[in-house]
There are 2 protein chains.
Amino acid sequence: MVTMRPATADSQSVQDFLKAVYTLQQKMERVSTNALAEMLSISAPSVTDMAHRMMLAELVNYEKYHGVRLTETGEREALRVIRRHRLIELYLVTDLGYALHEVHDEAEQLEHAVSDRFIAALAEKLDHPTLDSHGEVIPGIDGTCHYRELHTPSQFPIGIKAKVACLNSNNPEILQHLMGKGFTLGSQVEIITREPFEGPLTVLIDGKTVMVGYTVATYISVEQDKGAGK
Amino acid sequence: MVTMRPATADSQSVQDFLKAVYTLQQKMERVSTNALAEMLSISAPSVTDMAHRMMLAELVNYEKYHGVRLTETGEREALRVIRRHRLIELYLVTDLGYALHEVHDEAEQLEHAVSDRFIAALAEKLDHPTLDSHGEVIPGIDGTCHYRELHTPSQFPIGIKAKVACLNSNNPEILQHLMGKGFTLGSQVEIITREPFEGPLTVLIDGKTVMVGYTVATYISVEQDKGAGK
DNA sequence: CATTATTTTTAGAATAGCCTAAACTACTAC
DNA sequence: GTAGTAGTTTAGGCTATTCTAAAAATAATG
Ligand SMILES: [Mn+2]
Ligand SMILES: [Mn+2]
Ligand SMILES: [Mn+2]
Ligand SMILES: [Mn+2]
């Protein structure tokens, strides 16, 4: 720590770190080392160390005992990696016959290995998409994100028709479970009943009635049907 | 060196090392540390070190001062990586619009990052090809290679019609130079004149007459036209 | 506002890959 | 066969990334 060299933005660890900070930043002002350790599955001391080195590289702003925040450079880099990740995920489903639950782990590796040339080819082939195979927003080359107004079934009013807009889990088992119930992007859904105390939901999906646990439902986002009055 | 842990076959360094040994083994009985250092662009001591660790992992047979040879396991692994590399190269040209000179460097990274699932998808999509975009043999999943009888222009008799069967350079500049002259896989070629002392060749390619330097011509392999008497 | 509990950082260490400089072996030529 | 040269290995070191155990700081509690 007397001599500490700055991190380089092109390593796998640094890129995953940037993504993790970006994601956690959406929910909290500053991101704690513990939260990062949890998300990255590494020890807290490793996070502290990385935070120091990325501070020197001016990718994050780090204050001892008060967590981390992305700098402008850091955010740009994070969005670049997220763009890669999501373009790859979409491509795997669209052109290589992957099932949704298979794409995340593959993309987690490929995002670091692939060249800008490769990403450009994918973007071109997919006709510059803005949503990936989970329904998550793909940032543009300039970092712009076209967010939509989404809702979680657990907070969406009963009786309103909506469409599944995002299945935002990275866990293959959860995704398989949800898709097994009929939740796929674009499905028509309507909440029929909602049990209190974080109980299960009864949902009408494309005409079929199914039950879903509260916890697993938090990985679903729906979008109100266009044209349907609020 | 008192305690030395065996290498693990799934690291980038180890995989590239295996490929290098495999390639050099075609031309020499045992592969020297210097030859490997040269091919891998690392120092000779690094090669010695790696040789030791890969010996412990039973991937190579290494004898001090007498170089290295792949074990059966090592050869299987090497062929697996070569298969990946070449399927990726073919895919990049066929489906993603890459030019031949762009594929090698990309494949050199991707071969380590991609899953077996991914490779299976490529093989399927390309209809289980046996030749990559350079014209090199793609080993099967079981390691089998369907070699052809190829010739270098510099040793091929004058006046015989042949087809370009392989452009086996990894150097983008060389490939661009050759393709600029009209050498592409499948082109009709006929040697018109050959200068002595490793001098240039005059070649008829698809009707056009071009000159090629001796050195650069060593990266071309041709196959005698089928049906044309020897 | 003390005391405890939780979080975070420091200290010290390991591993894979790499390096340079120095020592050593093996082959080549008298 | 001995000297010289070319090729290899050993010795010693460095970096990035990870870890565990211990110390320190912050946050929560009564
Ligand atoms: Mn993902
Ligand atoms: Mn990743
Ligand atoms: Mn190649
Ligand atoms: Mn490689």
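Because the structure is predicted, anything quoted here is derived from the model rather than measured. Proteins come first, then strands; the chains are lettered A, B, ... in the order of their sequence lines, and each starts at number 1. Both backbone and side-chain heavy atoms feed into the values below; hydrogens, waters and symmetry mates do not.
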>> Between A:S11 and D:dT17, is there a contact of a side-chain N or O with OP1 or OP2 at under 4.0 Å?
In response: yes
>> I want to check one thing: is the phosphate of D:dT9, taken as OP1 and OP2, less than 4.0 Å away from some side-chain N or O of B:T48?
In response: yes
>> Whether B:Y65 contacts C:dA23 is assessed here as follows: a side-chain N or O lying under 4.0 Å from the phosphate OP1 or OP2. Is that the case?
In response: no
>> Applying a 4.0 Å non-hydrogen cut-off, can you work out what B:Y62 is touching in the nucleic acid: base, sugar-phosphate, or nothing?
In response: sugar-phosphate
>> Please determine whether a side-chain nitrogen or oxygen atom of A:S43 lies at a distance below 4.0 Å from atom OP1 or OP2 of D:dT20.
In response: no
>> For A:P6 and A:P45, find the nucleotide of DNA chain D closest to each by heavy atoms; which residue's nucleotide sits nearer the 5' end?
In response: A:P6
> Quick one: is D:dT15 close enough that its OP1 or OP2 comes under 4.0 Å of any side-chain N or O from A:R53?
Replying inline: no
> For the pair made of CG in B:D10 and C1' in C:dG17, what is the distance, rounded to whole Å?
Replying inline: 14 Å
>> What is the distance, to the nearest angstrom, from the NE2 atom on B:H66 to the C1' atom on C:dA26?
In response: 7 Å
> What is the nucleic acid contact for B:S46, judged by heavy atoms within less than 4.0 Å: base, sugar-phosphate only, or nothing?
Replying inline: base
> Taking atom P of D:dA16 as reference, at what distance in whole Å does atom CG of A:D16 sit?
Replying inline: 18 Å
> Pick one: which of A:E89, A:R86, A:H104 meets side-chain hydrogen bond (donor to acceptor under 3.5 Å, both in side chains) with A:H134?
Replying inline: A:E89
> Looking at OG of A:S11 and CG of A:D16, how far apart are the two atoms once the value is rounded to the nearest 0.5 Å?
Replying inline: 8.5 Å
> In whole angstrom, what separates A:M50's CE from C:dT9's P?
Replying inline: 15 Å
> Among B:V103, B:L100, B:L87, whose side chain to side chain contact (heavy atoms under 4.5 Å, CB included) with B:L92 holds?
Replying inline: B:V103
>> What is the separation between atom NE2 on A:H52 and atom P on C:dA11, rounded to the nearest whole Å?
In response: 11 Å
>> Given B:K19, which partner from the list B:E111, B:E77, B:E75 fulfils the salt bridge (Lys or Arg N to Asp or Glu O under 4.0 Å) test?
In response: B:E111
> If you round to the nearest 0.5 Å, how far is CG of B:L167 from CE of B:M179?
Replying inline: 7.5 Å
> D:dT17 P sits how many Å from A:M4 CE, rounded?
Replying inline: 11 Å
>> Any salt bridge linking B:D116 with B:R84? Criterion: basic side-chain nitrogen under 4.0 Å from a carboxylate oxygen.
In response: yes
> Side chains of B:C166 and B:V137: does their closest heavy-atom pair fall under 4.5 Å?
Replying inline: no
>> Rounding to an integer number of Å, can you tell me how far B:D49 CG sits from C:dT20 P?
In response: 14 Å
> So which of residues 18-35 of chain B are in contact with DNA chain C, with a heavy-atom cut-off of under 4.0 Å?
Replying inline: none
> Would one find a side-chain N or O of A:K64 under 4.0 angstrom from OP1 or OP2 of C:dT10?
Replying inline: yes
> In whole Å, what is the span from the CD1 atom of A:I42 to the C1' atom of C:dT8?
Replying inline: 14 Å
